[in-house]
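Every value quoted in this text rests on a predicted model; they were computed, and no experiment measured them.
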Amino acid sequence: VQLQASGGGLVQSGGSLRLSCAASGRTFSWYAMGWFRQAPGNEREFVAAIGLSGGSQYYADSVKARFTISRDNAKNTVYLQMNSLKPEDTAVYYCAASSNPGTSLTNYNYWGQGTQVTVSS
């Protein structure tokens, strides 16, 4: 499956952004989807994941109550709504697809190219 992330940008602290990830190539609803991020000098880390139908969501503690992951299987798209953004949320955000749902990078077989999110203080 091919993944294309978009929606990143520059936002002030406390602001919001919505990331999108469009999938193509294989049946989108077969895959759990996740969002990860990587800040300069840091390892890539888990942000959020969603199950096949969207009924189950998982979040890193650092983003709980601020970020919401959702998916629209009819549009082959997964979203990440990010509210109350903080400077420490600054990173390149990647979407990924997995046939084995989970929060570990190693669960994910397919990766998008990343979209930059910068939060200014």
Side-chain angles (χ1 to χ4, degrees):
V1 60
Q2 291 79 47
L3 302 173
Q4 180 74 37
S6 62
L10 174 64
V11 64
Q12 289 188 334
S13 181
S16 297
L17 281 174
R18 188 175 83 154
L19 305 183
S20 299
C21 176
S24 61
R26 292 197 179 186
T27 303
F28 179 68
S29 60
W30 291 356
Y31 296 91
M33 299 297 296
W35 286 97
F36 293 78
R37 66 186 182 187
Q38 188 167 17
N42 290 357
E43 294 185 350
R44 194 169 298 188
E45 64 178 7
F46 169 76
V47 175
I50 190 166
L52 303 183
S53 64
S56 300
Q57 298 103 39
Y58 309 90
Y59 296 96
D61 287 344
S62 59
V63 307
K64 276 181 184 176
R66 299 190 298 122
F67 291 11
T68 302
I69 189 171
S70 61
R71 66 189 296 162
D72 185 337
N73 286 347
K75 295 183 178 180
N76 292 347
T77 302
V78 62
Y79 304 97
L80 185 68
Q81 178 67 44
M82 305 186 295
N83 298 328
S84 302
L85 282 160
K86 305 175 181 180
E88 51 262 45
D89 294 317
T90 295
V92 176
Y93 283 71
Y94 298 88
C95 61
S98 172
S99 54
N100 293 310
T103 61
S104 171
L105 274 73
T106 57
N107 283 64
Y108 290 82
N109 314 96
Y110 304 97
W111 292 83
Q113 85 290 358
T115 185
Q116 176 71 47
V117 172
T118 303
V119 184
S120 63
S121 57

**Message:** Does the structure place the NZ or CZ of Arg71 under 6.0 Å from the centre of the six-membered ring of Phe28, at an angle of no more than 45° from the ring's axis?
**Reply:** yes
**Prompt:** Quick one: are Tyr59 and Val47 in side-chain contact, heavy atoms under 4.5 Å?
**Reply:** no
**Message:** Quick check for you: to the nearest 0.5 Å, what is the distance between Gln4 atom CD and Asn76 atom CG?
**Reply:** 14.0 Å
**Prompt:** What's the shortest heavy-atom distance between Leu85 and Met82, and which atoms?
**Reply:** CD2-CB, 3.8 Å
**Fill in**
Thr118 meets the side chain to side chain donor-acceptor pair (under 3.5 Å) criterion, sequence neighbours left out, with Gln116
**Fill in**
Besides Phe46, the hydrophobic cluster formed by Ile, Leu, Val, Met, Phe, Trp and Tyr side chains linked at under 4.5 Å, directly or via other members, contains Phe36, Tyr58, Val92, Tyr94, Leu105, Tyr108, Trp111
**Request:** Under the ring pair (Phe, Tyr, Trp, His ring centres under 6.0 Å) rule, collect the residues that match up with Tyr110, sequence neighbours excluded.
**Result:** Tyr31
**Message:** Can you confirm whether Ser6 sits close enough to Thr115 that some side-chain heavy atom of one is under 4.5 Å from a side-chain heavy atom of the other?
**Reply:** no
**Asked** So which heavy atom on Ala96 is nearest to which on Leu3, and how close?
**Response** CA-CD1, 3.7 Å
**Request:** Would you check if the side chain of Gln113 reaches a backbone N or O of Ala5 as a donor-acceptor pair within less than 3.5 Å?
**Result:** yes
**Prompt:** Do Asp61 and Lys64 meet the salt-bridge criterion of a basic N to acidic O distance under 4.0 Å?
**Reply:** yes
**Asked** Do the non-hydrogen side-chain atoms of Ile69 and Tyr79 ever get within less than 4.5 Å of each other?
**Response** no
**Fill in**
One should read off an interatomic distance between Asn73 CG and Ser53 OG, to the nearest 0.5 angstrom, of 8.0 Å
**Path from Leu52 to Ile50 over hydrophobic side-chain contacts below 4.5 Å** = no
**Message:** Strictly distance-based, threshold 3.5 Å: is any side-chain N or O of Asn42 a donor or acceptor partner for the main-chain N or O of Ala39?
**Reply:** no
**Request:** Of all the heavy-atom pairs spanning Ser16 and Gln81, show the shortest one and how long it is.
**Result:** CB-NE2, 4.0 Å
**Request:** For residues Thr90 and Val117, determine if any side-chain heavy atom of one lies less than 4.5 Å from a side-chain heavy atom of the other.
**Result:** no
**Message:** Tell me the closest heavy-atom pair linking Thr77 and Ser20, and the distance in Å.
**Reply:** CG2-CB, 4.3 Å
**Asked** Do Arg44 and Arg37 have side chains that get closer than 4.5 Å, going by heavy atoms?
**Response** no
**Item:** same_hphob_cluster(Leu10, Tyr93) at 4.5 Å side-chain heavy-atom cutoff
**Value:** no
**Prompt:** Distance from Glu45 atom CD to Ser62 atom OG, nearest 0.5 Å?
**Reply:** 5.5 Å
**Prompt:** Do Thr27 and Ser29 have side-chain atoms, one donor and one acceptor, less than 3.5 Å apart?
**Reply:** no
**Fill in**
Taking every heavy atom of Gln2 against every heavy atom of Gly25, the minimum-distance pair comes out as OE1-CA, 3.6 Å
**Message:** For a quick test of reading the model, state the closest non-hydrogen atom pair linking Val1 to Ala23 and the distance between them.
**Reply:** CG2-CB, 3.9 Å
